[in-house]
Asks: 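Below you will find the structure I want to go over with you.
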Amino acid sequence: MAISTYSELQSAAANWLARDDLTARIPEFVTLCEAKLNRELFVRQMEVRSTTTCDTSDTEPEFISLPTDFQSMRRIRLSSVTGKPRLRYLSGTQADEYRYGNDNTSGQPSHFTIMGSEIELIPTPDANYTIEMVYRKNIPALASNSTNWLLTLAPDVYLYGTLLESAPYIKEDERIAVWAAGLSQAVESLNKLGQLAQYNSGPMTMTVSGVTP
């Protein structure tokens with residue numbers, strides 16, 4: 001049978017498990033599978049570009065909320081400034097040292113750090129800047145979507161992941177190794193495909209930093 005929707009995935013999992021009494025549990029296995037995949041998958045479909053604006057009328061314009069589906073940052077820059085300069089990452093300690101080393105003055109942000117669910121711009125913005133981020137996002141949960149890009153691209157990843165999460169519940173310890181191997185191979189091949197799509201679009205050339213080839 002096809003596995004292209006959330007409903008079809010649940011039916012396929014029940015068929016592979018040869019169980020008809022797990023209707024209420026299979027959605028939980030899918031959710032656990034997605035949590036694991038959010039940590040292990042690194043493909044271009046998980047990257048998204050987003051823009052926001054820091055507002056100097058706020059009491060703390062240096063703090064911007066991260067997107068709710070944020071996982072990790074790939075790039076952040078000032079898109080409203082000529083040349084769209086990138087911001088450099090600082091640790092929390094380095095950010096404090098930078099501020100106090102520069103008398104905590106305001107200006108055009110040149111650095112950033114991440115604290116909890118917020119980005120901190122350094123120095124404090126002296127104007128309203130448009131911030132562009134490219135970040136790694138969570139996989140759209142099937143509990144809220146009838147399908148998503150991952151189920152369309154790699155239904156085997158979802159199926160093996162769901163079956164693996166079911167094993168402890170149904171005490172199928174002897175199947176854990178089989179399903180874990182299937183999931184590992186599917187994730188590895190998908191990650192390799194992601195690397196090829198991202199880095200194999202043309203011949204690589206070596207250049208010296210700051211020098212235009």
Asks: Is there a path from V178 to I170 through hydrophobic residues (I, L, V, M, F, W, Y) whose side chains come within less than 4.5 Å of each other?
Replies: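 Result: yes, single cluster for both.
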
Asks: Would you name the heavy atoms of R86 and R77 that are closest together and state the gap between them?
Replies: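 In terms of heavy atoms, the two residues are closest at CA-CB, 3.7 Å.
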
Asks: Enter the distance from R74:CZ to R49:CZ here, rounded to the nearest 0.5 Å.
Replies: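 Reported value, rounded in 0.5 Å steps: 13.0 Å.
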
Asks: State yes or no: do L22 and W179 share one hydrophobic cluster built from I, L, V, M, F, W and Y residues joined by side-chain heavy-atom distances below 4.5 Å, directly or via other members?
Replies: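 In one cluster: yes.
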
Asks: Check whether any side-chain heavy atom of M46 sits under 4.5 Å from a side-chain heavy atom of I139, and report yes or no.
Replies: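 Yes, at least one pair of side-chain atoms sits under 4.5 Å.
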
Asks: Please check if L41 and V134 belong to a single hydrophobic cluster, counting links between Ile, Leu, Val, Met, Phe, Trp and Tyr side chain heavy atoms closer than 4.5 Å.
Replies: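 The answer is no; the residues belong to distinct hydrophobic clusters.
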
Asks: May I ask you to decide if N128's main-chain N or O and D55's side chain share a donor-acceptor pair within less than 3.5 Å?
Replies: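 A pair under 3.5 Å: no.
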
Asks: Can you sort out the partners of Y158 under ring pair (Phe, Tyr, Trp, His ring centres under 6.0 Å), two or more places apart, ordered by chain and number?
Replies: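 So Y158 forms no ring pair (Phe, Tyr, Trp, His ring centres under 6.0 Å) with any residue.
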
Asks: Could R44 and E47 be called an ion pair, given the rule that one side-chain N must be under 4.0 Å from one carboxylate O?
Replies: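 Salt bridge flag = no for E47 with R44.
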
Asks: Which heavy atom of L17 sits nearest a heavy atom of S166, and at what distance?
Replies: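 Between these two residues, the closest heavy atoms are CD2-OG, 3.4 Å.
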
Asks: Does Q94 form a side-chain contact (heavy atoms from CB on, under 4.5 Å) with R88? I'd like the steps, not just the answer.
Replies: CA-CA 11 Å; Q94 290 172 326; R88 296 178 58 190; over 6 Å; no

Asks: Which heavy atom of A186 sits nearest to which heavy atom of V157, and what is that distance?
Replies: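 Smallest heavy-atom distance, with atoms named: CB-CG2, 3.5 Å.
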
Asks: Between R136 and L37, what is the shortest heavy-atom contact and its length?
Replies: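 So the minimum-distance heavy-atom pair works out to NH2-O, 4.4 Å.
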
Asks: So, does N148 use its side chain to make a donor-acceptor pair with the main chain of P140 at under 3.5 Å?
Replies: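 Flag set: sc N148 to bb P140 pair under 3.5 Å.
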
Asks: If we ignore hydrogens and angles and just use 3.5 Å, is the side chain of S184 paired with the main-chain N or O of A181 as donor and acceptor?
Replies: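 The answer is no, because no donor-acceptor pair under 3.5 Å joins these two groups.
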
Asks: Can you give me the closest heavy-atom contact between T124 and P61, atom names plus distance?
Replies: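 Minimum heavy-atom separation between T124 and P61: CG2-CG, 3.9 Å.
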
Asks: Can you tell me if N145 uses its side chain to pair, donor with acceptor, with the backbone of Y6 under 3.5 Å?
Replies: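 No; zero donor-acceptor contacts below 3.5 Å.
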
Asks: Given 3.5 Å as the limit, does a donor-acceptor pair link the side chain of E34 with the main chain of L142, or not?
Replies: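 Yes, E34 side chain to L142 backbone: donor-acceptor pair under 3.5 Å.
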
Asks: Which atoms form the tightest heavy-atom contact between T162 and A13, and what is the distance?
Replies: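 Answer, listing the atom of T162 first, then A13: CG2-CB, 4.0 Å.
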
Asks: Quick one: do N138 and T68 satisfy side-chain contact (heavy atoms from CB on, under 4.5 Å)? Show the steps, please.
Replies: CA-CA 9 Å; N138 290 326; T68 56; over 6 Å; no

Asks: When rounded to the nearest 0.5 angstrom, what distance separates CG in L150 from CD in Q45?
Replies: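 These two atoms lie 8.5 Å from each other.
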
Asks: Is it the case that over 12 heavy atoms from other parts of the model lie below 6.0 angstrom from the CG atom of D20?
Replies: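 Counting other residues, nucleotides and ligands, CG of D20 stays at 12 neighbours or fewer.
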
Asks: Measure the OG-CD distance between S91 and E97 for me, rounded to the nearest 0.5 Å.
Replies: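 If we round to the nearest 0.5 Å, S91:OG and E97:CD are 7.0 Å apart.
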
Asks: Could you tell me whether the side chain of Q71 and the main chain of N38 form a donor-acceptor pair under 3.5 Å?
Replies: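 Side chain of Q71 to backbone of N38: a pair is present.
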
Asks: Find the distance between CD1 (I3) and CD (E8) and round it off to the nearest 0.5 Å.
Replies: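 If we round to the nearest 0.5 Å, I3:CD1 and E8:CD are 8.0 Å apart.
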
Asks: Which word best sums up how the rings of Y160 and W16 line up, parallel for under 30°, tilted for 30 to 60°, or perpendicular for over 60°?
Replies: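 The rings of Y160 and W16 stand perpendicular, inter-plane angle above 60°.
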
Asks: Is atom CZ of R75 surrounded by more than 12 heavy atoms (other residues, nucleotides or ligands) closer than 6.0 Å?
Replies: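 Count over threshold, so yes.
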
Asks: So how far is it from E60 CD to E120 CD, rounded to the nearest 0.5 Å?
Replies: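 Rounded to the nearest 0.5 Å, the CD-CD separation comes out at 9.0 Å.
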
Asks: Is any side-chain heavy atom of L193 closer than 4.5 Å to one of V43?
Replies: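 When only atoms from C-beta onward are counted, L193 and V43 do not touch, as no gap falls below 4.5 Å.
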
Asks: Please check if W149 and V30 belong to a single hydrophobic cluster, counting links between Ile, Leu, Val, Met, Phe, Trp and Tyr side chain heavy atoms closer than 4.5 Å.
Replies: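 Yes, it is one cluster - the side chains of W149 and V30 are joined through contacts under 4.5 Å.
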
Asks: Could you tell me the separation between the CG atom of D156 and the CG atom of L163, rounded to the nearest 0.5 Å?
Replies: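 Taking CG in D156 and CG in L163, the distance rounds to 11.5 Å.
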
Asks: Which other residues end up in the same hydrophobic cluster as I131, if Ile, Leu, Val, Met, Phe, Trp and Tyr are linked when side-chain heavy atoms come under 4.5 Å apart?
Replies: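 V48, I64, L66, F70, M73, I76, L78, V81, L87, Y89, F112, I114, I119, L121, Y129, M133, Y135, all in the cluster of I131.
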
Asks: I want to check something: taking the side chain as every heavy atom from C-beta on, are S117 and S65 in contact at a cut-off of under 4.5 Å?
Replies: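 S117 does not reach S65 side chain to side chain.
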
Asks: Begin with the C-alpha distance, continue with both residues' side-chain angles, and end with the deciding distance and a verdict on side-chain contact (heavy atoms from CB on, under 4.5 Å) for E165 and K36.
Replies: CA-CA 10 Å; E165 295 302 330; K36 181 175 294 183; 3.0 Å; yes

